[in-house]
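Each remark here refers to the structure printed beneath this line.
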There are 2 protein chains.
Amino acid sequence: MTDVAELANVSPSTVSLFLRKPDAVSPSASQAISRAIDKLNYVPNLMAGGLAAASSRAVSIIVPSVRNAFFAETVSAMQAALKKQRLQLILGHTEYDELEEEELVRMALSWAPAAIVLTGLSHSASTRRLLANVTIPVIEIWELGGPQIDSAIGFHHDQVGIAAAAHLIQQGRRNLVFLGARMHQDRRAKQRCDGFLQAARTGGAAAQVVEHPDTASAEIGAMLLSEALRLYPNADGIACSNDHIALGALFACNRLGVAVPERLAVVGFGDLSFSAACNPPLTTIRPSGDLIGREAARLIEDHLNGEKPERQLTIDTRFTLQHRRSS
Amino acid sequence: MTDVAELANVSPSTVSLFLRKPDAVSPSASQAISRAIDKLNYVPNLMAGGLAAASSRAVSIIVPSVRNAFFAETVSAMQAALKKQRLQLILGHTEYDELEEEELVRMALSWAPAAIVLTGLSHSASTRRLLANVTIPVIEIWELGGPQIDSAIGFHHDQVGIAAAAHLIQQGRRNLVFLGARMHQDRRAKQRCDGFLQAARTGGAAAQVVEHPDTASAEIGAMLLSEALRLYPNADGIACSNDHIALGALFACNRLGVAVPERLAVVGFGDLSFSAACNPPLTTIRPSGDLIGREAARLIEDHLNGEKPERQLTIDTRFTLQHRRSS
DNA sequence: CTGAAAGCGCTAACAG
DNA sequence: CTGTTAGCGCTTTCAG
């Protein structure tokens, strides 16, 4: 920066100012500085900047895993939105482990990030303690309906389950089964399941659960469907903890000669890339993972720009039922 | 750190040393420092550390998008491996745009990362210039077979196409079609296609391409298959640029009453989570996205530990054909 | 094995 | 609008 200043015949602080608030520098100086930057191929050192400013242009985001399409979508949308503010994403994966999350939060904090984004509302006591006294925005995403650390952006997963049950009942189904995967770890899948069961029973339908401990996949979905049909031969409506499970269920129905939706209606969750293309096209509940990311980015921007320094926000991004031929 | 030092009755530099090389500090001092750290809930400031050391514990990784399952897998594997070294991933998405990549590289450099990871071998001239003089490892992933900036980890995509063609020919198919999506942007899909065409023709089979400009999806796969059958009614073997396309092709065959593999053999690429569960299970070529991530992490560790300061490495992670019932 | 000293490259008052 | 000044919290020789 000193070199740039020298070449542009200004002081280093003018260069610094130009870099942070270009409009606050005279056009002539701006031009000279721009030229010097180009000529010297100057790249600012964000570590130095962050140290001096006691906060960095990094945003830490901690998700269970980006291999999960839901979180990949949010991460991707957030990164796209933050890029405009020249903010960088620092990524961490908890793999659904609260201790892992705690360690990641600790590491994240050492970067003095501009904000920290966590998945879900459930965290270890130490994690809460670590985050209790930070002054940056802490944003919990993809879950609503519990005590928040600071702001939360997402939706109520029990309502997803309720919507699925209501839909199946409306379609005249009365013997419902929920197919779930890894619900001992995936709290949100569990919430969808619980909402489903309760709404189904309230609505006068029978409702059962068939589950598998491993990560959701089409393979497990197929297994779960066969199992469900074995245990509950007169089941007529199936809700799945996500579209991977639903896809496998559709494959299994196809193989077993079970007519969908005539004999069995199927509803998924996620509206993944294949869901509309299935045989038959899958009715599913679509969360807006990208909206969650964009809203999170907006919150962070607002905080950075000093506007709306509101805290403790709760933003419900809702979800929509995509009614297709599988139900 | 000063507070910790004071509480532990040592100097700040001893604390610093303890944090970086615990073994170089006496047990008694170590214990006192540990205790002080715990009591004060001390979190080191990595910005300050990075500034002083002129290199940070961040690794920048730039991929087209984590919404793409291939890159999500690599990112995830890499993060898991780097965590052991207390290295953090800074993520950037190019969305298949070289100018975007260039800007991301510039931003990445301002973090003085320990290494920088790019996707593919094709970059803008400016990007190459930016990276020409850096002393940290520059690792290009997911592509082999062109000029490298520094090290490269991946495989030859034309060989994937060749393997698909060879497989179909071996199955007795002679009228082949390649279904491709977004090949004007996705260089690697194009390479697979080119390898396929060449190998097919060399092998004495007819080979055609049917493509779509948008991102690969099952929906587009279904469209492409219908189109292929319309244009080439006697096609008997289909290779797809990835498993999303193949999934859609299988759906379309199912709807059109086209028997797979009797009438039409289908081969995909990716071995995604649903591929083994399809009807029929999909023959596909499986790259090892996680291995790419682990090898990249290993390279970075080695460099950091001063071992094997080899540069210009080329690591071929290969791929394997998963022969299933669709062919 | 421990400590003193000298910055790393930048930001942020503040004064002009 | 520009420049001066005093650090940000740590690492890294270099002595002891």
A:Thr314 side chain to A:Gln148 side chain, donor-acceptor N/O pair below 3.5 angstrom:
yes

To the nearest Å, give me how far apart CE (B:Met1) and P (D:dT12) are.
11 Å

Note: B:Leu109 and B:Leu130 closest approach over all heavy atoms is CD2-O, 4.0 Å

Round to the nearest Å and state the distance from B:Leu40 atom CG to D:dG9 atom C1'.
15 Å

Is the shortest side-chain N/O distance from B:Ser16 to OP1 or OP2 of D:dC10 below 4.0 Å?
no

On DNA chain D, nearest-nucleotide positions of B:Leu51 versus B:Arg20: which is more 5'?
B:Leu51

Interatomic distance where CG belongs to B:Leu19 and P belongs to D:dC10 [whole Å]:
8 Å

Determine the contact category for B:Tyr42: base if any of its heavy atoms lies under 4.0 Å from a base atom, sugar-phosphate if only primed atoms, P, OP1 or OP2 are that close, otherwise nothing.
sugar-phosphate

Rounded to the nearest Å, what distance is computed from the NZ atom of residue B:Lys21 to the C1' atom of nucleotide C:dC1?
13 Å

I'd like to know if B:Arg294 pairs up with B:Asp290 as an ion pair, taking the criterion as any Lys NZ or Arg NE/NH1/NH2 lying under 4.0 Å from an Asp or Glu carboxylate oxygen.
yes

Roughly, in whole Å, what's the span from CG in B:Leu17 to P in C:dC1?
10 Å

Measuring from the side chain of A:Ala48 (C-beta onward, heavy atoms only), which nucleotide among D:dT11, C:dG3, C:dG9 has the closest atom?
C:dG9

Side-chain contact check for A:Ala52: nearest option of D:dG7, D:dC1, C:dG3 is D:dG7

With a 4.0 Å cut-off on N to O distance, would you call A:Asp186 and A:Lys190 a salt bridge?
no

Choose from D:dG3, D:dC10, C:dG9 the nucleotide whose nearest atom is closest to any side-chain atom of A:Val10.
D:dG3

To the nearest angstrom, how far is B:Asn45 atom CG from D:dG7 atom P?
18 Å

Counting the atoms with a prime plus P, OP1 and OP2 as sugar-phosphate, which does A:Ala53 contact under 4.0 Å by heavy atoms, base, sugar-phosphate, or nothing?
sugar-phosphate

Any B:Ser11 side-chain N or O less than 4.0 Å from OP1/OP2 of C:dG3:
yes

For A:Asn133, look at atom CG and say whether over 12 heavy atoms of other residues, nucleotides or ligands are found less than 6.0 Å away.
no

Taking only the side-chain heavy atoms of A:Val25 (C-beta and beyond), determine which of D:dT2, C:dT2, D:dC10 contains the nearest atom.
D:dT2

Considering only C:dA4, C:dT2, C:dG9, which nucleotide approaches the side chain of B:Ser13 most closely?
C:dA4

Distance in angstrom units between A:Gln31 CD and D:dT2 C1', rounded
18 Å

Spacing of B:Trp111 atom CH2 relative to C:dC10 atom P, expressed in whole Å
14 Å

So what does B:Pro12 hit on the nucleic acid, given a heavy-atom distance under 4.0 Å: a base, only sugar-phosphate, or nothing?
nothing

